[in-house]
Amino acid sequence: MSAPRVIVIGGGLGGLWATLTIAEAGHRVMLFSLFEVMRSHSACAQGGINAVLDMKGQHDSVQQHIVDTIKGGSYLANQPPIQSMCEDAPGLIRTFERMGVTFSRTPEGLLDQRLFGGVKHKRTCFAGASTGQQLLYGVDQQVRRLETEGKVEKQEWWEFLSLVKDADGVCRGIVAMDLRSLEVRAFRADAVVLATGGLGQIYAPKTTCSTNSTGAAASRVYQQGARFANAEFFQFHPTAMLGEDKTRLMTEAARGEGGRVWVPKDPNDRRAPLRIPESERFYFLEDWYPTYGNTVPRDIASRAIWKVTRELGLGVGAVGEFGAGEHGAGKRDVGKRGAGLRGAEEGSAGESRDRVYLDLTHLDRGFVSTRLGAILSIYRKFAGVDPLDAPMEIFPAAHYAMGGLWVDYEKDAATGGMKPGSPRNHATSIPGLYACGECDYAYHGANRLGANSLLSASYSGRVAGEAVASYLNGLEQGADAVPAALFEAETARQSGINERLTKASGDQNPFRLHRELGNLMTTKVGVVRDNAELDAALSGLREIEQRFERLDLGESSRWANQSLAHARQVLDMLKLAQVMAASARARDECRGAHFKPAFDLAIPEGKFPGDPEFETYRERWKANNAEWLKTTVAEHHPDGPRIGFEPVDLGLLAPDQPRDYR
């Protein structure tokens with residue numbers, strides 16, 4: 001067998017770490033990306049990366065990081081991968097330091113750490129409010145070094161279209177399209193790593209994700225046989241700045257650094273926010289969750305904002321049809337209230353009442369500018385308001401997929417974590433195909449804790465790289481032995497799809513269909529769900545898919561035809577959206593980011609462990625776990641996704657303590 005070669009698809013943190021690890025193990029790597037790798041969505045992560053360094057002397061521990069992550073995810077994630085990730089996090093930070101990442105530091109020169117949601121310890125390392133960008137720069141420099149040594153070859157501006165599998169179903173390469181020339185070509189590989197990020201564009205435009213976060217690559221391998229897990233668990237970030245074109249993330253670090261979320265107590269209060277005295281403000285997170293306050297986990301904060309705006313009718317107005325208030329804050333309207341289970345896309349009038357204040361004005365201006373400068377610039381630019389002078393207006397927006405491609409792991413009997421270097425780690429259900437980063441499901445269960453995303457992306461990329469190296473060492477036959485006819489047939493199939501789409505002359509525009517998809521998912525598979533709406537979502541998704549038969553791209557250019565690439569992505573997003581809606585329909589409970597009020601088990605108000613009412617609740621909660629504490633697994637079939645379940649490894653922390661952040 002000739003020297004093995006590997007294809008990595010995706011140039012974010014997961015893909016770069018996989019590339020770095022595989023190349024340093026002595027294997028050739030081709031790195032594919034939709035664009036220059038430095039534009040990858042990892043650069044948009046703002047707040048930080050978690051690791052127990054205990055720089056603040058709070059007696060933090062790795063064990064507590066593990067417990068916080070497991071409970072934050074409502075016990076739904078397999079626990080061995082979580083254990084290994086948290087244990088390796090401190091060393092990962094030191095590695096980033098040696099790469100030259102410019103973490104923020106204390107006046108004494110020590111690594112600084114800030115507070116993030118769902119925890120009580122300052123555990124988050126950060127680089128101002130642009131941490132993801134700095135981490136990406138650091139790893140990219142290492143990959144560039146390997147590129148100059150001839151160990152890595154970049155293929156930027158290429159889009160992955162499909163896998164090439166041999167007669168035994170083993171992945172032997174890919175077919176990809178040059179986004180400039182539209183050339184469709186097959187590439188052989190002895191292993192493929194998918195690191196293509198999340199799928200937030202399924203909720204566009206009300207998503208914090210960039211336009212490349214389509215999930216199309218994950219959808220394509222799912223349609224070729226890869227299993228997809230926990231698709232119903234999609235995180236809505238509680239503090240996003242709404243906009244006409246998209247929503248923009250206002251990092252959780254704003255709350256971790258002392259920002260406060262509030263609304264006026266009086267729904268008829270029209271005063272500018274800074275003219276409303278403290279006694280007339282409702283700091284609802286601090287009131288409902290006094291232990292964690294403004295740093296409760298994201299699923300809880302998002303539902304609290306939903307309750308305040310949609311159920312209690314206390315949302316604040318925005319600049320728009322009701323006129324601008326003082327300090328740029330909008331005048332408030334108290335007309336239509338309680339939009340039921342609908343999302344934020346009911347029209348501009350509804351949106352203008354769907355916001356709450358995120359307030360930094362009480363904090364030291366120099367402190368905030370140093371720690372959160374990046375988001376201050378974003379808000380100033382797109383809202384025309386300085387967050388140092390007036391509170392920001394925010395509302396939850398689609399942000400992160402906890403679910404993703406199902407990946408395996410091998411448990412180490414000696415440690416309870418993952419077995420280092422096992423070829424099973426991060427392997428998908430298709431032999432020879434691995435997945436890492438946001439496109440896998442491994443670490444976050446039903447809800448991701450803030451600042452665990454950069455950690456899981458980096459860590460999973462490294463683990464996947466080590467697993468691929470082990471897989472190659474045991475490979476008996478390489479891709480070179482696979483008949484050329486298989487590659488030629490798949491190339492012809494993908495070229496045929498392009499040809500049909502280019503020549504189509506119907507009445508349906510792919511960009512309009514994408515917007516309809518986003519609106520449907522936001523309104524019916526959003527923060528709050530019910531089965532009737534989910535049934536309507538599934539029906540609507542099938543109807544949109546059928547309309548693709550009448551597509552018209554509006555252009556037939558043979559060079560850089562963006563409509564062609566986008567149309568293919570939208571169709572694949574529709575496939576994943578059906579998996580998400582079907583998985584949500586199949587799970588009749590409330591867990592993490594998946595919330596169906598009809599099945600809610602609420603903690604008795606004012607009751608705590610030891611109280612009879614709380615202990616009765618605990619028993620009901622355990623009974624619910626006996627039925628629903630299981631991983632959702634979807635498999636592709638021509639007539640729609642088939643939904644099944646598999647058990648969760650609970651060997652480290654038994655689900656005895658309900659999530660309680662009061």
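- Counted by atom type alone, Q235 and N447 present one or more donor-acceptor pairs between their side chains at under 3.5 Å.
- Looking only at distances, no side-chain donor or acceptor of Y434 sits under 3.5 Å from a matching main-chain atom of A195.
- Between D639 and R642, at least one side-chain nitrogen of the basic residue sits less than 4.0 Å from a carboxylate oxygen of the acidic one, meeting the salt-bridge criterion.
- Put simply, CG on L475 and OG on S470 are 12.5 Å apart, with the number rounded to the nearest 0.5 Å.
- Residues F96 and W17 place their aromatic rings such that the two centres sit under 6.0 Å apart.
- Using a 4.0 Å cut-off between a side-chain N of Lys or Arg and a carboxylate O of Asp or Glu, K524 and D535 do not qualify as a salt bridge.
- Remark: side-chain polar atoms of Y203 are paired, donor with acceptor, to backbone N or O of V525 under 3.5 angstrom.
- With E545 as the fixed residue, the side-chain contact (heavy atoms from CB on, under 4.5 Å) test singles out one of L571, L513, V570: L571.
- For the residue pair E159/Q569, the side-chain donor-acceptor check at 3.5 Å is satisfied.
- Counted by atom type alone, R98 and T95 present one or more donor-acceptor pairs between their side chains at under 3.5 Å.
- The shortest heavy-atom contact between V527 and P396 is CG2-CB, 4.4 Å.
- Around the CD atom of Q562, the shell of radius 6.0 Å holds no more than 12 heavy atoms that belong to other residues, nucleotides or ligands.
- Side-chain atoms of V193 and I7, non-hydrogen and from C-beta on, never get closer than 4.5 Å to each other.
- One N or O on the side chain of E156 and one on the backbone of V37 form a donor-acceptor pair closer than 3.5 Å.
- Evaluated for a side chain to side chain donor-acceptor pair (under 3.5 Å) with Y441, the options T632, N78, N230 yield exactly one hit, N78.
- No donor-acceptor contact under 3.5 angstrom links the side chains of E646 and T631, judged on distance only.
- Listed here is the closest heavy atom pair of N509 and L551: C-CD1, 4.4 Å.
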Subject >> Criterion side-chain hydrogen bond (donor to acceptor under 3.5 Å, both in side chains) on R220 and Q223, from CA distance to verdict >> reply: CA-CA 5 Å; R220 289 161 187 169; Q223 293 172 65; over 6 Å; no
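- Between W559 and L182, the closest heavy-atom pair is N-CD1, 4.1 Å.
- R185 and Q494 share no donor-acceptor pair across their side chains, judged by distance under 3.5 Å alone.
- Taking the centre and axis of the six-membered ring of F35, the NZ or CZ atom of R39 falls inside the cone set by 45° and 6.0 Å.
- The closest side-chain donor-acceptor pair between H237 and T208, if any, does not fall under 3.5 angstrom.
- To the nearest 0.5 angstrom, C171 atom SG is 4.5 Å from L163 atom CG.
- Note that CG of D408 is 9.5 Å distant from OG1 of T428, once rounded to the nearest 0.5 Å.
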Original post:
After noting the C-alpha distance and the side-chain angles of R568 and D572, does the key distance pass the salt bridge (Lys or Arg N to Asp or Glu O under 4.0 Å) rule?
Top reply: CA-CA 6 Å; R568 296 194 61 152; D572 291 316; 5.5 Å; no
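- In summary, the aromatic rings of H636 and Y222 are positioned with their centroids under 6.0 Å apart.
- Y459 OH to I49 CD1: the interatomic distance, rounded to the nearest 0.5 Å, is 13.0 Å.
- For the atom pair N498 CG and R558 CZ, the distance stands at 8.5 Å (nearest 0.5 Å).
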**OP:** Determine, stepwise, if the pair L20 / R145 fulfils side chain to side chain contact (heavy atoms under 4.5 Å, CB included).
**Re:** CA-CA 10 Å; L20 179 63; R145 170 178 57 83; 4.3 Å; yes
**OP:** Go through the steps to decide whether D507 and R547 satisfy the test salt bridge (Lys or Arg N to Asp or Glu O under 4.0 Å), and finish with yes or no.
**Re:** CA-CA 9 Å; D507 59 358; R547 287 160 58 194; over 6 Å; no
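- For L541, the side chain to side chain contact (heavy atoms under 4.5 Å, CB included) test picks out L517, L520, M521, L574, A577, Q578, A581, with sequence neighbours left out.
- Residue D190 comes nearest to P4 through the heavy atom pair OD2-CA, 3.2 Å, listed as atom of the first residue, atom of the second, then distance.
- Proximity of a side-chain donor or acceptor of S458 to a complementary backbone N or O of L455 within less than 3.5 Å is not detected.
- Taking 4.5 Å as the limit, every side-chain heavy atom of V175 sits out of range of all side-chain heavy atoms of F487.
- The closest donor-acceptor contact from the side chain of K575 to the backbone of G640 lies at 3.5 Å or more, if one exists at all.
- In this structure, F32 CZ and M30 CE are separated by 4.0 Å, a value rounded to the nearest 0.5 Å.
- Using a 4.0 Å cut-off between charged side-chain N and carboxylate O, E516 and R512 make no salt bridge.
- At distances below 3.5 Å, at least one donor-acceptor pair connects side-chain atoms of T214 with backbone N or O atoms of A216.
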**OP:** Determine, step by step, whether H594 and R529 satisfy the side-chain hydrogen bond (donor to acceptor under 3.5 Å, both in side chains) criterion, reporting the C-alpha distance in whole Å, the side-chain angles of both residues, the deciding distance to 0.1 Å, and the verdict.
**Re:** CA-CA 8 Å; H594 174 68; R529 303 164 177 181; 3.0 Å; yes
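- Of all heavy-atom pairs spanning G465 and T21, the tightest one is C-CG2, 3.8 Å.
- Inter-residue side-chain proximity for R448 and H399 is flagged as met; some heavy-atom pair is nearer than 4.5 Å.
- Formation of a donor-acceptor pair under 3.5 Å by the D412 side chain with backbone atoms of P420 is not found in this model.
- When atom types are taken as modelled, the side chain of R28 and the backbone of A3 share a donor-acceptor pair closer than 3.5 angstrom.
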**OP:** Tell me, with the steps shown, if E490 and S162 meet side-chain hydrogen bond (donor to acceptor under 3.5 Å, both in side chains).
**Re:** CA-CA 8 Å; E490 185 60 25; S162 65; 2.6 Å; yes
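- A donor-acceptor contact closer than 3.5 angstrom is absent between the side chains of Q141 and Y137.
- Between N519 and P205 the shortest side-chain heavy-atom distance falls below 4.5 Å.
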Original post:
Step by step, would you call D649 with K411 a salt bridge (Lys or Arg N to Asp or Glu O under 4.0 Å)?
Top reply: CA-CA 10 Å; D649 188 325; K411 187 173 181 177; 3.4 Å; yes
**OP:** Determine, stepwise, if the pair S460 / H426 fulfils side-chain hydrogen bond (donor to acceptor under 3.5 Å, both in side chains).
**Re:** CA-CA 8 Å; S460 66; H426 279 271; 4.8 Å; no
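- The side-chain heavy atoms of S556 and K503, taken from C-beta on, include no pair separated by under 4.5 Å.
- The two residues A176 and F187 have their closest heavy-atom pair at CB-CE1, 4.2 Å.
- Between F236 and Y400, the ring centre distance reaches or exceeds 6.0 Å.
- Using modelled atom types, one side-chain atom of R188 and one backbone atom of A479 make a donor-acceptor pair closer than 3.5 Å.
- Heavy-atom contacts from other residues, nucleotides or ligands closer than 6.0 Å to NZ of K419 number 12 or fewer.
- T131 contributes a side-chain N or O that, together with a main-chain N or O of Q46, makes up a donor-acceptor pair within less than 3.5 Å.
- A 6.0 Å sphere centred on CZ of R180 holds more than 12 heavy atoms belonging to other residues, nucleotides or ligands.
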